[in-house]
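So the structure is just underneath, and the comments pick up after that.
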Amino acid sequence: MRRSSLVIILGLVIVTGAMTPAQAGQVFITDCLPTHRAPDDPIVFPGQPGASHSHDFFGNTTTDASSTYASMIAGGTNCEEPGDTAGYWAPTLLGGDGTPIAPRRIRIYYRDTPNPNVKVTPFPPDFRMIAGGMASAGVLSGWNCDGTALAPSALIDCSGGTPGHTYVRGTIIFPMCGQVDAAGNVIKDSVDHRSHVAYGTRKTCPADHPVQLPAIKVNIRYAVSNCIAERCHLSSDMPGDDPGSTLHADFWNTWDQAVLEQLVNTQLNT
């Protein structure tokens with residue numbers, strides 16, 4: 001079994017321990033490895049194998065076009081938190097000749113923004129959303145050298161960076177405010193898989209998306225340092241697109257719901 005590291009962000013203490021996400025104040029973090037690659041997207045094209053551009057999948061080991069909520073929660077995971085059986089996926093990064101560039105890992109941050117003083121509502125079971133794309137490139141999605149500013153294009157060079165900053169990384173920040181239905185329940189999805197969520201501003205969720213959900217940010221580290229030399233682009237890019245500007249990610253809440261709720265309540269609502 002893979003050992004994990006419990007990283008205490010408050011200070012710089014690193015303790016090797018049990019398979020638990022990193023925790024510090026009002027954030028918890030889970031690290032997952034890539035599981036497989038396929039032209040599937042169970043949110044956009046459910047039940048249609050091969051209908052999508054290529055995606056790299058992380059965490060849940062069973063995610064494919066035919067996945068259901070029941071199959072996902074029964075599936076395995078390679079995330080450090082064994083209760084994180086959620087589905088995470090993003091378009092495949094490619095070299096100039098079309099060869100896939102392997103992701104090394106994904107790190108998912110769950111935070112209490114936009115307002116730490118407002119109660120965070122856990123995602124309901126089977127909640128789904130997509131974030132990123134050209135409209136948010138360089139602001140809410142983009143490319144960086146493990147912590148540098150986001151660039152809209154994947155054509156960046158991290159090879160001369162300091163230790164820990166030498167791999168190209170894709171970052172996607174998800175919306176954190178949810179809509180509710182007439183009964184007051186958080187809406188789990190929408191036709192475009194985006195409209196049921198919104199970004200908060202100035203520590204406030206918009207009136208039409210009043211529920212503060214966990215604020216997810218994902219960082220995907222790739223096994224490449226110089227994407228200029230490698231002529232990196234994404235499987236989702238179209239001819240004429242700025243290479244990598246279509247970076248996006250999908251999230252499907254198929255966590256062990258009891259574990260997710262415990263983490264939200266003990267780590268984000270403290």
Side-chain angles (χ1 to χ4, degrees), residues 31-45 48-61 63-65 78 87-109 130-174 193-194 216-252:
D31 286 333
C32 309
L33 295 175
T35 58
H36 57 287
R37 180 179 297 125
D40 290 348
D41 190 326
I43 290 180
V44 178
F45 298 109
Q48 301 177 61
S52 174
H53 52 256
S54 179
H55 285 104
D56 288 320
F57 293 84
F58 304 86
N60 195 302
T61 59
T63 315
D64 61 24
N78 63 26
Y88 308 96
W89 59 96
T92 301
L93 186 65
L94 305 169
D97 62 357
T99 300
I101 296 173
R104 293 168 60 88
R105 64 154 172 78
I106 188 172
R107 172 165 287 182
I108 309 102
Y109 295 80
I130 299 173
M134 293 181 69
S136 67
V139 181
L140 296 168
S141 59
W143 303 90
N144 62 99
C145 300
D146 279 352
T148 55
L150 293 183
S153 170
L155 300 181
I156 63 173
D157 181 6
C158 302
S159 58
T162 57
H165 300 271
T166 58
Y167 289 104
V168 170
R169 186 175 74 177
T171 295
I172 304 98
I173 299 170
F174 281 79
H193 315 294
R194 295 176 182 261
I216 292 179
K217 180 177 80 169
V218 301
N219 289 331
I220 306 171
R221 180 182 288 184
Y222 291 92
V224 62
S225 293
N226 188 342
C227 261
I228 297 174
E230 294 294 334
R231 295 180 292 132
C232 296
H233 60 286
L234 287 171
S235 59
S236 52
D237 291 345
M238 300 295 289
D241 289 345
D242 196 6
S245 61
T246 62
L247 178 64
H248 59 279
D250 297 49
F251 167 68
W252 187 0

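- Expressed to the nearest 0.5 Å, how far CZ of R107 lies from NZ of K217 amounts to 10.0 Å.
- The two residues A131 and I172 come nearest to each other via the heavy atoms O-CG2, 3.6 Å.
- I101 is listed as a side-chain neighbour of C232, based on a closest heavy-atom distance under 4.5 Å.
- H165 is linked by a ring pair (Phe, Tyr, Trp, His ring centres under 6.0 Å) to nothing, counting only residues two or more places apart in sequence or in another chain.
- Between C227 and C158, a gap of 2.5 Å or greater is found separating the two SG atoms.
- Partners of S153 under the side chain to side chain contact (heavy atoms under 4.5 Å, CB included) rule, at least two apart in sequence or in another chain, are L155, D242, P243.
- Side-chain atoms of N78 come within 3.5 Å of backbone atoms of L33 as a donor-acceptor pair (strictly under, hydrogens ignored).
- Listed by chain and residue number, nothing satisfies the side-chain hydrogen bond (donor to acceptor under 3.5 Å, both in side chains) test with R231 (two or more places apart in sequence, or in another chain).
- Minimum interatomic distance between Y222 and P103 (heavy atoms only, all atoms of both residues): CD2-CA, 3.8 Å.
- Taking all atoms of both residues into account, the shortest heavy-atom contact from V139 to L150 is O-CD1, 3.5 Å.
- By the side chain to side chain contact (heavy atoms under 4.5 Å, CB included) test, S54 is found to be paired with R37, T92, S235, residues two or more places apart in sequence or in another chain being considered.
- For the residue pair H55 and P91, the shortest heavy atom distance occurs at CD2-N, 3.6 Å.
- Between the D56 side chain and the A90 main chain, no donor and acceptor come within less than 3.5 Å of each other.
- From I108, atom CD1 reaches atom CZ of F58 across 8.5 Å, with rounding to the nearest 0.5 Å.
- Looking at residues two or more places apart in sequence or on another chain, you find a ring pair (Phe, Tyr, Trp, His ring centres under 6.0 Å) between Y88 and F251.
- Screening residues 141-150 for side chain to side chain donor-acceptor pair (under 3.5 Å) gives S136-S141, N144-R169, N144-T171, D146-R221 as the qualifying pairs, with residues at least two apart or on separate chains.
- Contact check for D64 versus F57: no side-chain heavy atoms found under the 4.5 Å cut-off.
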